[in-house]
Amino acid sequence: GSLLVLFGATALLGGGIPENGLARCVLEFTAGSFVYHYWRQSSSTQRYLPELAALLWLPVFGLVFWLPVPVYPTAALAWCMLIYGLANDRTILARFLSTPLAYSIGEYSYSTYLAHYFVRDWVKFGLVGRHIDWSIEIGLYLLATAVASIALYRLIEVPGRAYVRKLVGMNRGLG
């Protein structure tokens, strides 16, 4: 029953989690496992397949917004394509993600993950009743998320990691 709901789901991503979240996670984990095994077994001479997967993941993901396709399997396929394309460091996208700028963005990504939801609500709250162009709203949201992410990373995440390393180091010395 859950798989029928999962494959028939037309709500946008993030919707229907109580009804099919577990089935979605199992599907995504299984798909990721298949991608990993295919990647391990595939020949290093496959020159264009990873490049093609990295280039086509976004149009495949976009299908959930443009066509009446099942959301979760289509989105899972797109993410599998992206991961497969990035697993090969020869793709253009993988090379871009190896740049210092992309690395820095990655460093802040967990803080961004933690902050973005709350920032979204505060930006919406601050703009209630104001008639502002959507592009300005998005710009304010992105700017506020970036500021919150940097603050959270530098003031909480980095000191927290140092504290945990120190604590773990002290505990190793007791044994």
Side-chain angles (χ1 to χ4, degrees), residues 9 11-18 20-33 35-36 39 50 53-62 64-65 71-72 74-130 132-173:
L12 289 179
L13 295 172
I17 290 174
N20 57 31
L22 179 61
R24 188 189 79 196
C25 289
V26 169
L27 170 73
E28 291 169 355
F29 176 80
T30 304
S33 298
V35 168
Y36 171 74
W39 177 79
L55 290 173
L56 291 179
W57 80 272
L58 189 57
V60 169
F61 184 75
V64 301
F65 300 103
V71 173
Y72 295 115
T74 306
L77 172 64
W79 291 122
C80 287
M81 291 170 66
L82 178 62
I83 291 166
Y84 179 73
L86 294 176
N88 183 325
D89 61 359
R90 294 176 299 167
T91 64
I92 293 167
L93 188 54
R95 287 194 309 255
F96 167 74
L97 292 175
S98 298
T99 64
L101 173 63
Y103 181 80
S104 294
I105 291 170
E107 283 287 300
Y108 291 95
S109 66
Y110 186 65
S111 294
T112 302
Y113 167 73
L114 293 176
H116 83 281
Y117 185 81
F118 299 107
V119 170
R120 182 198 68 181
D121 287 348
W122 279 103
V123 168
K124 284 172 47 177
F125 177 73
L127 298 177
V128 168
R130 295 186 170 90
I132 297 175
D133 186 68
W134 66 270
S135 60
I136 293 173
E137 287 183 29
I138 290 174
L140 289 172
Y141 168 69
L142 293 174
L143 179 63
T145 300
V147 169
S149 298
I150 291 167
L152 187 59
Y153 178 78
R154 291 187 178 171
L155 299 174
I156 307 269
E157 188 175 342
V158 171
R161 271 194 257 143
Y163 176 76
V164 169
R165 280 190 205 112
K166 181 180 174 185
L167 190 64
V168 169
M170 289 178 6
N171 286 338
R172 284 187 184 156

Counterpart residues, salt bridge (charged side-chain N to carboxylate O under 4.0 Å, His left out), relative to Glu28 (two or more places apart) | Arg24
Can Tyr141 and Glu137 be counted as having a side-chain donor-acceptor contact under 3.5 angstrom?
-> no
Taking C-beta and beyond as the side chain, do Pro50 and Tyr84 meet within less than 4.5 Å on heavy atoms?
-> yes
Mark yes or no for whether Ser109, through its side chain, and Gly106, through its backbone, hold a donor-acceptor pair below 3.5 Å.
-> yes
Answer with yes or no whether the side chains of Glu157 and Tyr110 bring together a donor and an acceptor at under 3.5 Å.
-> no
Closest heavy-atom pair and its distance - Cys80, Gly32 | SG-N, 4.2 Å
Note: Ala115 and Ala148 closest approach over all heavy atoms is CB-CB, 4.0 Å
Give the minimum heavy-atom separation between Thr74 and Val60, together with the two atoms involved.
-> CG2-O, 3.5 Å
Should Trp79 and Phe61 be marked as a side-chain contact (heavy atoms from CB on, under 4.5 Å) after you check the CA-CA gap, both sets of side-chain angles, and the distance that decides it?
-> CA-CA 8 Å; Trp79 291 122; Phe61 184 75; 3.9 Å; yes
Could you give the distance from CZ (Phe118) to CG (Leu152), rounded to the nearest 0.5 Å?
-> 10.5 Å
Taken to the nearest 0.5 Å, the spacing of Ile150 CD1 from Thr112 OG1 works out to 8.5 Å
Separation of Leu142 CG from His116 NE2 (nearest 0.5 Å) = 11.5 Å
Will you find, in the side chains of Ser149 and Ser111, an N or O donor that is under 3.5 Å from an N or O acceptor?
-> no
Rounded distance [0.5 Å steps], CG in Leu55 versus CG in Leu82 = 10.5 Å
In Å, rounded to the nearest 0.5 Å, how long is the span from CD1 of Ile105 to OG1 of Thr99?
-> 7.5 Å
For Arg154, does the CZ atom sit with more than 12 other heavy atoms under 6.0 Å from it, leaving out its own atoms?
-> no
Can you check side-chain contact (heavy atoms from CB on, under 4.5 Å) on Val164 and Arg161, steps first, answer last?
-> CA-CA 5 Å; Val164 169; Arg161 271 194 257 143; 5.8 Å; no
What heavy-atom pair brings Trp39 and Ala87 nearest, and what distance separates the two atoms?
-> NE1-CB, 3.4 Å
How far does OG1 of Thr145 sit from OH of Tyr113, to the nearest 0.5 angstrom?
-> 14.5 Å
So, for Leu140 and Val123, which heavy atoms are closest and what is the spacing to 0.1 Å?
-> O-CG2, 4.4 Å
